[in-house]
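All remarks here apply to the structure that follows.
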Amino acid sequence: MVAAVRTRLAKVFAGSKRPGSGIPARNVIRVLVWARRFAQVGFLAIFLYFLFETGFRGSFAAEGERIRVSGPVEAFLLADPFVGAMTLLSTHTVYRGIAWSVAVVGLTLLFGRVFCGWICPFGTLHHFFGWIFPSRYLKGGRRVEQNKTHPVRQRVKYYLMIAFLGAAATGSAIGGLLDPICVAIRAIGLGVIPATQYVAGRANDAAAATGIQAVQQTGDKAQDFLASTVWQSKQFYFHQTWFIVTLLVAILFLNRFVPRFWCRVLCPLGAFLGVIAKYALFGMEKDHAKCTDCNLCLVHCQGADSPQGGVKWRQDECHMCMNCESACPEDVIKFRFLPGRTSTIGVPDLARRTVVASAAAGAVAIPATRIADVIDANYDHRVIRPPGSVEEREFLERCIRCAECMKVCPNNALHPAWFESGIEGLWTPILIARIGYCEHSCVLCGEVCPTGAIQKITEEQKLGINQKPISIGTAFFDQGRCLPWSMGTPCIVCEEFCPTSPKAIWAEELEVPKRSATPGENGAEPPMEAVKVKRPHVDPALCIGCGACEKVCPIQDKPAVYVTSVGETRSKTNVILLENTSYTQS
Amino acid sequence: MAIAKNDTDPARLTQKAIDALGGMRRFVSRGDVVVVKPNIGWDRTPAHAANTNPIVVAEVVRQAYDAGAKHVVVTDASCNEPNRCFQRSGIWKAAYDVGAEIIIPGEHRFRSMRLKGEVLDEWPVFTPLVNADKVINVPVAKHHNLAVFTAAMKNWYGLLGGRRNRLHQKIDVSIADLATFLQPTLTVVDAVRVLMRNGPQGGNIADAKDLFTVVASTDQVAADALTCTFIGKTADEIPYIKMGHERGLGTMRWQDLSVVEV
Ligand code: SF4
Ligand code: SF4
Ligand code: SF4
């Protein structure tokens, strides 16, 4: 029975005639190569599914007054040991689910960098682009040349990793800028998905413009479907996201010249796993004598880890894709448990001085950015953090710029900061009320934040039921632009949308003079009229800084009411009032 | 016009009010596509009384199907994030359970249209509301800080997309314009629980009060004129009701109509 299946499989996998001695690869390797391909596709699909689900779409079945995300959408981040290591160094604690990353460390101790070769969705993207995308510069001998180990450039990722860990030790999880899971979520979630939605929206406009009912209805149905599976029911926009997308495109484009450039040269998570991989029980053994230098292994190598005969295998660089053994026609390469170590290099060949210098550079970078005037002095009023965020210093220790919070926000309120909070704050979340305000009873951003930069708060804490509500800033009126204040025109949309009870915006009703819009008789000065208006005011003790007023203010270009970060609950220094009036609500 | 009181079950109140007008069959014919338009404006729960009571909505849907409707749609263009509003108001589930199609107001559902109003000329209009055989308005009666009180006529704000925040500058005229453009087959005003202050969205349970009343009417102006008395106002204090009256959309002298109390 088993033998029958074996011969079957052998036939399926045998394919075309093999060159050289034509010794077929072991069946187990062929199976493993296919298992790896399925795993890659599967994990990429799960990753994208989680990303699509990082948001809120209502459901007919849900009773719920309490709205939560549909599942562990941040799972890939929780399983990311580089994130775990950074936050451990910066906060000396392990936040909730991040303990999951221990499982990936364990996996690496057994099998080496299988995470890179089998699981990482960003790695899979690079694998895919490196496969379909090679330029004519990357065929045959050139490809072989690029797939040989290039120690100098491949060392860069280790130095980056060390520098980021150094930065973490001095209090900043800035390494998230280059963590592959963070990069993937940020670039796909904030760039690729909204851009695709934009294109689909324009296509639907074109369908609507045909005026043909059947076409319009099909268009609407397609939009409904996409809005309930891939994106949300409205178009999302993200602050300066062009830069994030450009970097993604550039890094994918590099696969044309060096396959998996990102994984080999830049990825700090890959480097982190590489350091652990040297202890792996599973690895490669080579029979150098049999190698004919056909270089078939190098054509397919992912990690540029020297699988060919005659040189030592770089275990820390290998992604465990198994393509080499599968390709080798001469029976040189064997993956097995507890392989002989004679022809293996397990540790990256790093220059000790550069290692020290990298760590020092990372550690020094943080104080250097902090003496710029962004945190302690001259705190920027636009740095409005999501509700439940911890105090700014601790926030920077925790936030890995993964963009989960920005992706999940149902109102498109959270955005990747540009330089609002200094260079160190690049891509950390800030609220831009003009694009979206913070929905009163929503707590989703804290729900998905993998590091606790935004704490998991309850509706009761946020709304302030029998306690003080969580405030993220305070609203101010620009009286010169406000319709009732300066133009004798009724409005107070801000007051309508203010969600607190009692409302933080209150209005005094009064009669004001207003010049008539039409001239008097014989071209005389237009006569004066008296109109009744309600003039809005903010009560800073009640305002929670949600930004609803700013969002809905009809002064389109520069609103007459706007929110700044002052008065935020999380800060003891960014305050206005001497004492906060306490109020409770039910 | 019919007022149903003396019961605490919102479904029965709704049923009684509609029956007193001659039953749903008077308004919905076999094979009709019916749009039921509640107020699903705010991310609030039923206890806050900022949206229409979900049981009232479900009952109207049920009756429309009983009267032979082919398809019943429940929808609104919310003020807060629509998915949250639809879910937390309880309307999504209640309406789904009785077989209605729920349409979330996605951007693609709005198309520019001429409304020919005094202030409302051309606006993006929420298409499900205009592509129907019959429209049943199911607003909630509540306090409104700028418009004083709102129920039936103001509920048509949910017809508009775009930057409707500008409409507040002429809130009364715009409400009258909308009510001129869309005159429903039937209006069922939910006053089961009424927001007495801090309208239109409230936020504090103490702001709302149980009145256990449902009003059914074929005259939207009269419906507003009657229900505003629930928060202690009269139609004369509310300019858009007067405008509706003057435009001949209905009468603000509801006392002149035959009002059945059940
Ligand atoms: S910022 Fe506000 S609306 Fe956005 S996810 Fe966080 S709590 Fe929700
Ligand atoms: S605050 Fe946002 S970007 Fe930062 S770690 Fe949390 S979810 Fe990620
Ligand atoms: S930010 Fe504006 S809408 Fe929000 S609580 Fe303050 S005043 Fe009200």
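Order of the sequence lines sets the chain letters (A, B, ...), proteins ahead of strands, with each chain counted from 1.
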Interface moiety of [X] toward chain A, non-hydrogen atoms closer than 4.5 Å:
X      : result
B/R166 : both
B/R164 : neither
B/D207 : side chain
B/R197 : neither

Among A/N412, A/D220, A/L483, A/V533, who wins on heavy-atom pairs under 4.5 Å with chain B? A/D220

Partner chain B: residue of A/A208, A/S228, A/C442 with the largest heavy-atom pair count (under 4.5 Å):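 Of the options given, most contacts go to A/C442.
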
Could [X] and [Y] be called an ion pair, given the rule that one side-chain N must be under 4.0 Å from one carboxylate O?
X      : Y      : answer
B/E122 : B/R114 : yes
B/D224 : B/K233 : no
B/R62  : B/E59  : yes

Under 3.5 Å donor-acceptor, A/Q217 side chain and A/A214 backbone: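 Flag not set: sc A/Q217 to bb A/A214 has no pair under 3.5 Å.
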
Proximal component of [X], with respect to chain B [non-hydrogen, under 4.5 Å]:
X      : value
A/D205 : neither
A/E495 : side chain
A/K234 : both
A/Y437 : side chain
A/T489 : side chain

Restricting to side chain to side chain contact (heavy atoms under 4.5 Å, CB included), what partner residues turn up for A/C494, sequence neighbours left out?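 Side chain to side chain contact (heavy atoms under 4.5 Å, CB included) check on A/C494 returns A/F477, A/I505, A/P536, A/C549, A/V561.
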
A/Y237 atom OH, neighbour heavy-atom count above 12 within 6.0 Å: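 Yes, enclosed.
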
Pick from B/L167, B/N165, B/I91 with the largest number of heavy-atom pairs that fall under 4.5 Å of chain A: B/N165

Among B/D43, B/I103, B/T45, B/N80, which residue has the highest count of heavy-atom pairs closer than 4.5 Å to chain A? B/N80

Using only heavy-atom distances, determine whether the side chains of [X] and [Y] contain a donor-acceptor pair under 3.5 Å.
X      : Y      : result
A/E439 : A/N411 : yes
B/S174 : B/Y240 : no
B/T52  : B/D190 : no

For the residue pair A/H537 and A/W485, categorise the inter-ring angle as parallel (less than 30°), tilted (30 to 60°) or perpendicular (more than 60°).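 If you compare the ring of A/H537 with that of A/W485, the planes turn out perpendicular.
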
Hey, can you tell me if A/H415 and A/F238 have their rings parallel, tilted or perpendicular (30° and 60° cut-offs)?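 Tilted.
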
Might you work through the side chain to side chain contact (heavy atoms under 4.5 Å, CB included) test for A/D224 and B/H108, ending with a clear yes or no? CA-CA 9 Å; A/D224 277 344; B/H108 60 283; 3.0 Å; yes

Which of residues 146-154 of chain B get closer than 4.5 angstrom to chain A, counting heavy atoms alone?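 The list, in residue order, reads B/L146, B/K154.
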
